Amino acid sequence: MTELISQQIADLVTKAIKKAQKKGHLPAFDIPEIVVERPKQETHGDYSTAVCMGLAKYARMAPVKIAEIVVAHLPKADFVGKVEVAHPGYLNFTLDTGWVCRQVDAILQAGENFGRLDIGRGKRVQVEYGSANPTGPLHMGTGRNVVIGDTLANVLEAAGYSVHREYYVNDAGSRMRAFYETLYARYAQALGRDVPVPEDGYHGRYMVDMAAEIVAREGARFLEMPKEQALPQLGKLGLELILKQAKEDLARMSIHYDNWFSEQSLYDDGTFGRVMTILREGGYVVEKEGAIWFTSPNLPDDEVLIRSDGTPLYFASDISYHYNKFILRGFDWVIDVWGADHQGHVPGMKAMMPALGLHPDQLTIILYQLVTLRRGGEIVRISKRTGDIITLREVLDEVGPDAVRFFLLARTADSQMDFDLELAKEQSQENPVYYVQYGHARIASILRYAEEQGMADYVGGDVSLLTTPPEQALIRKMLELPEVLEQATTKLAPHLLPHYAQSLAATFHSFYKECRVISSLPEDRELSRARLKLVLAAKVVLARVLRLMGVAAPERM
RNA sequence: GCGCCCGUAGCUCAAUAGGACAGAGCGUCUGACUUCGAAUCAGCAGGCUGUGGGUUCAAGUCCCGCCGGGCGCGCCA
């Protein structure tokens, strides 16, 4: 478990202020949260805090003066090399060079676990992502959804949460019915019957292909039974095919779920009915205009749960679904990843939480802005209903899973993005993911070379020799990983990972250029052994980040 | 009309719960392979952070108004 350096520095500063107050060098005031950050500029040290500027008001002293007093009372710590006061009141900390060297050993010892945090304290969190009507192939919108969700799940796991990954299969409701009807029509057409695809059905080419596949496998037997009997049987086959394809696509992106949850099961096992009773007994239900509505003081307008024709809306099954998540399965925290086009449902979901005896904060809904698809500059609508879609599979084939994951991950969920398939193909070779992977492969190559040169015995190398600026810079960059994870966790911002990965790779490549790792000179032998440990540590950290992003860490490329 | 998100280098994007001279990649230009991988490195150029006010010691970041773009506002999903 890593204790964050930034946190340790914050603790030191807090102690210093308390001590100074006790001795009367600072007046009494409540100590605020000490924010410690990594300054952008090297000359400002490794860590910095601006807290003294904020204290000026309470202490009624100049910020610089406060900073000087804090420094004078700062407890000793082995990792702190230098503390400086900078105008107009910053406190800049530089890590001790020898301590930094020793972190190479610490990283190697931690290995796969380097950067692991305990923010989550084993709290059970479920991340639900990728969920969509299983009525067609996955597209780029789903791609963004799963990349955000899966990476976030990885991050939370690394931060000490017990993470459960779930895909919600919307296999009930009106969209499913339309899917069945479409499949029936295409199936019949494949056998020469003139059955039209329903207006609100799925007009994409893939339905034709799927029907053909079913005809090839099952023959005409579904036309020999009444339609109402054929529909569910045929639909089941179609659903299986869709899910199979989805699983294949997701597997290519290294995405694997703990559970695929069927919406239909909520109706089959009685959960739905039970939840409706709970809502009714809690006074959250009103009947009017022939329909059943959800009503809550936390919601400006009532929302329909069950239509006047008796069929439930997704809102109703979503409430049951979350009852299942929280009450039946006991998750402490649930994160749903939704496209921005679902934003209108967030207030309803938040409002239903108290109705189930839960706190709204236990449910986090991450909205990511939509992906606009282009093909050579022209906008392509992603609608399964009209059929003109660029499938995720197509993009995976053209661009490759690693580049796709990296591309989709590297932006904040809050900003919408353009994805031009033509441009992506062209640029796939320039994708920064290869820059990062190359760093990893390059180190692997160095380590292979070390073996060839009979230098495989570097485990006992003396890391205290790693004092030059490129070496120190590399170690310091590696030490950022835990803080990146902390930020990504607390802000639910997985996009921070690719940026860190690039920065780490850049620091490594720069080190590599300046520092010969394996020297043939006898007098450099000890330095070589130390540097071999350094690059091995860098490999560990690069691999860790790549894995967190769900991207391969190749030994060769 | 109301609500949510966005507007930062030519392009694609960062900027750590308000912090120091706004940073990367791609692209352009200039250099660097007779020893570990040149898918690399070093460097030049590129900005009134859409715009006008406000709050603050400090604003890309917070507040208000405009302009521009995306998405919502169903007994759809």
Side-chain angles (χ1 to χ4, degrees), chain A residues 6 33 35-41 43-44 48-51 53-54 56-57 62-63 86-90 92 132-133 135 170 173-175 178 200 289-293 301 303-309 311-315 339-347 367-370 372 385 407 410-418 420 423 427 429-432 434-435 437-439 441-450 452-453 455 480 483-484 486-488 490-491 493 495-496 498-499 502-503 505-506 508-520 528 531-532 535 556-557:
Chain A
S6 53
E33 193 198 348
V35 177
V36 175
E37 55 195 7
R38 305 212 52 137
K40 290 170 201 154
Q41 252 183 279
T43 54
H44 295 147
S48 169
T49 178
V51 72
M53 263 103 85
K57 209 181 299 176
H87 277 279
Y90 291 100
N92 295 336
N133 288 314
T135 54
N170 293 114
S174 63
R175 286 290 94 216
D200 68 340
E289 298 157 35
I292 294 173
W293 302 65
D301 300 304
E303 274 191 50
V304 174
L305 291 165
I306 299 180
R307 297 180 184 89
S308 42
D309 70 1
T311 58
L313 279 110
Y314 272 31
F315 180 45
D341 53 340
H342 290 70
Q343 63 188 257
H345 295 284
V346 174
L367 294 174
Y368 61 91
Q369 297 299 311
L370 300 183
T372 306
R385 300 197 204 177
F407 180 88
R411 285 123 242 256
T412 63
D414 276 343
S415 63
Q416 84 190 82
M417 58 188 279
D418 275 17
D420 188 323
L423 204 62
Q427 291 183 348
Q429 286 312 303
E430 319 298 332
N431 192 299
Y434 299 122
Y435 178 83
Q437 290 180 320
Y438 180 66
R442 202 176 206 185
I443 295 173
S445 169
I446 296 170
L447 297 176
R448 284 193 296 270
Y449 182 75
E452 287 167 24
Q453 298 298 305
M455 296 238 0
E480 281 183 28
E483 280 140 32
V484 171
E486 189 248 357
Q487 289 289 324
T490 54
K491 294 162 85 174
H495 78 279
L496 296 173
H499 291 98
Q502 269 186 94
S503 169
F508 164 72
H509 285 307
S510 177
F511 153 82
Y512 176 84
K513 198 71 182 178
E514 290 201 51
C515 298
R516 174 87 202 170
V517 177
I518 298 166
S519 165
S520 48
S528 287
R531 284 182 174 168
L532 278 165
V535 296
R556 289 187 168 85
M557 46 191 299

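The chains referred to below are lettered A, B, ... by the order of the sequence lines, with proteins before strands, and numbering in each begins at 1. These numbers were taken from a predicted model, which means no experiment stands behind them.
- Atoms CD and NZ, from A/E486 and A/K491 in turn, are 9.5 Å apart once rounded to the nearest 0.5 Å.
- Remark: P of B/C41 and CZ of A/F511 are 14 Å apart, rounded to the nearest angstrom.
- The nearest whole Å value for the distance from the CE atom in A/M417 to the C1' atom in B/A14 is 14 Å.
- Atom CH2 in A/W293 sits roughly 10 Å away from atom P in B/G74 (whole-Å rounding).
- Between A/L532 and A/I446, the closest side-chain pair of non-hydrogen atoms falls below 4.5 Å.
- Ring orientation note: the planes of A/F508 and A/Y512 are tilted relative to one another, at an angle of 30° to 60°.
- A/A410 comes within 4.0 angstrom of the backbone, heavy atoms only, and of no base.
- B/A24 and B/A14 have their C1' atoms separated by 7 Å, given to the nearest Å.
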Item to complete: Give the B/S/- string for nucleotides 20-30 of chain B, one per nucleotide from 5' to 3', where a protein heavy atom under 4.0 Å of the base yields B, of only the sugar-phosphate yields S, and otherwise -.
Response: BB---S-----
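- The side chain of A/R516 approaches B/C36 more closely than any other nucleotide in the set B/C36, B/C4, B/C76.
- The residue A/S174 sits close only to the backbone: its heavy atoms come under 4.0 Å of sugar-phosphate atoms, none of a base.
- Evaluated for a side chain to side chain contact (heavy atoms under 4.5 Å, CB included) with A/Y90, the options A/P63, A/S48, A/P39 yield exactly one hit, A/S48.
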Worksheet entry | Steps toward side-chain contact (heavy atoms from CB on, under 4.5 Å) verdict (A/N170, A/R175) | CA-CA 9 Å; A/N170 293 114; A/R175 286 290 94 216; over 6 Å; no
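- Pairing for B/G43 is with B/C29, a Watson-Crick or G-U wobble pair whose two hydrogen-bonding atom distances lie under 3.5 Å.
- Nucleic acid contact for A/E514: none, since no nucleic acid atom lies under 4.0 Å from a heavy atom of the residue.
- Using modelled atom types, one side-chain atom of A/S528 and one backbone atom of A/S519 make a donor-acceptor pair closer than 3.5 Å.
- Proximity note for A/I518 (side chain, C-beta onward) versus B/C36, B/G72, B/C76: the nearest is B/C36.
- OP1 or OP2 of B/C36 has not a single side-chain nitrogen or oxygen of A/Y449 nearer than 4.0 Å.
- Under the Watson-Crick or G-U wobble criterion, with both distances below 3.5 Å, B/A9 is left unpaired in every strand shown.
- Note: A/N133 CG to A/S174 OG = 8.0 Å, rounded to the nearest 0.5 Å.
- Considering CZ of A/R556 and OG of A/S445, their distance stands at 8.0 Å, rounded to 0.5 Å.
- For the pair A/S308 (side chain) and A/A291 (backbone), a donor-acceptor distance under 3.5 Å is absent.
- A donor-acceptor contact shorter than 3.5 Å is absent between the side chain of A/E483 and the backbone of A/E480.
- Nucleotide B/C2 forms a Watson-Crick or G-U wobble pair with B/G72, both donor-acceptor distances falling under 3.5 Å.
- The residue A/S510 sits close only to the backbone: its heavy atoms come under 4.0 Å of sugar-phosphate atoms, none of a base.
- Among the atoms of the strands shown, base atoms are found under 4.0 Å from some heavy atom of A/H342.
- Across all strands shown, A/A441 has heavy atoms under 4.0 Å from base atoms, whether or not it also approaches the sugar-phosphate.
- In this structure B/A39 sits in the anti conformation; its chi angle is more than 90° from 0.
- Taking the side chain of A/S445 as heavy atoms from C-beta on, and the options B/A17, B/A14, B/G37, the nearest nucleotide is B/G37.
- Nucleotides B/A20 and B/U61 place their P atoms 13 Å apart, quoted to the nearest Å.
- Judged purely by atom type and a 3.5 angstrom limit, A/H44 has no side-chain atom pairing as donor or acceptor with the backbone of A/K40.
- Looking at A/D414 and A/T412, their side chains never bring a donor and an acceptor atom within 3.5 Å of each other.
- A/A340 comes within contact range of the sugar-phosphate backbone alone, with a heavy-atom separation under 4.0 Å but no base atom that close.
- Using atom P as the reference point in both B/G70 and B/C13, the two lie 15 Å apart (nearest Å).
- Atom CG in A/L370 sits about 17 Å away from atom P in B/G69, given to the nearest Å.
- Nucleotides B/U55 and B/C63 have their P atoms positioned 15 Å apart, rounded to a whole Å.
- Among the protein residues, A/R411 comes within range of the sugar-phosphate backbone only, with heavy atoms under 4.0 Å from sugar or phosphate atoms but none that close to a base.
- Of the possible polar contacts, none joining the A/R307 side chain to the A/L313 backbone as a donor-acceptor pair under 3.5 Å is found.
- Nucleotide B/A58 holds its P atom 11 Å from the NZ atom of A/K57, rounded to whole Å.
- Comparing the C1' positions of B/C48 and B/A42 gives an interatomic distance of 31 Å, to the nearest angstrom.
- With B/G37, B/U16, B/A15 as the choices, the nucleotide that has an atom nearest any side-chain atom of A/K491 turns out to be B/U16.
- For A/E486 and B/U16, the CD to C1' distance is 9 Å, given to the nearest whole Å.
- Taking atom P on both B/U8 and B/A15, the two are 14 Å apart, rounded to the nearest angstrom.
- At a threshold of 4.0 angstrom between heavy atoms, the contacts of A/L496 are confined to the sugar-phosphate backbone, with no base atom among them.
- Among the atoms of the strands shown, base atoms are found under 4.0 Å from some heavy atom of A/M557.
- Using the Watson-Crick or G-U wobble rule with both distances under 3.5 Å, B/A17 pairs with nothing in any strand shown.
- Separation of the C1' atoms belonging to B/A17 and B/G60 is 15 Å when rounded to the nearest angstrom.
- Using C1' as the reference atom, B/C36 and B/C44 are 30 Å apart when rounded to the nearest Å.
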Protein N or O to nucleotides 6-10 of chain B N or O, pairs below 3.5 Å:
none

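- In this structure, A/L313 reaches the sugar-phosphate backbone alone: every heavy-atom distance under 4.0 Å involves primed, P, OP1 or OP2 atoms, never a base.
- Classification of B/C33 as syn follows from a glycosidic angle within 90° of 0.
- The closest side-chain heavy-atom distance from A/R411 to A/Q369 is not below 4.5 Å.
- Within 4.0 Å (heavy atoms only), A/Y314 reaches sugar-phosphate atoms of the nucleic acid but no base atom.
- B/U56: no Watson-Crick or G-U partner with both key distances under 3.5 Å is found in any strand.
- When the C1' atom of B/U35 is taken as reference, atom NZ of A/K513 falls 12 Å away, rounded to whole Å.
- Residue A/Y512 is in base contact, counting any heavy-atom pair closer than 4.0 Å across all strands shown.
- Across the interface with RNA chain B, nearest-nucleotide mapping of A/F407 and A/R448 shows A/F407 to be the residue nearer the 5′ end.
- Using a 90° window around 0 for the glycosidic torsion, B/C21 falls inside it and is classed as syn.
- As a whole-Å value, the separation of A/Q453 CD from B/G37 P is 10 Å.
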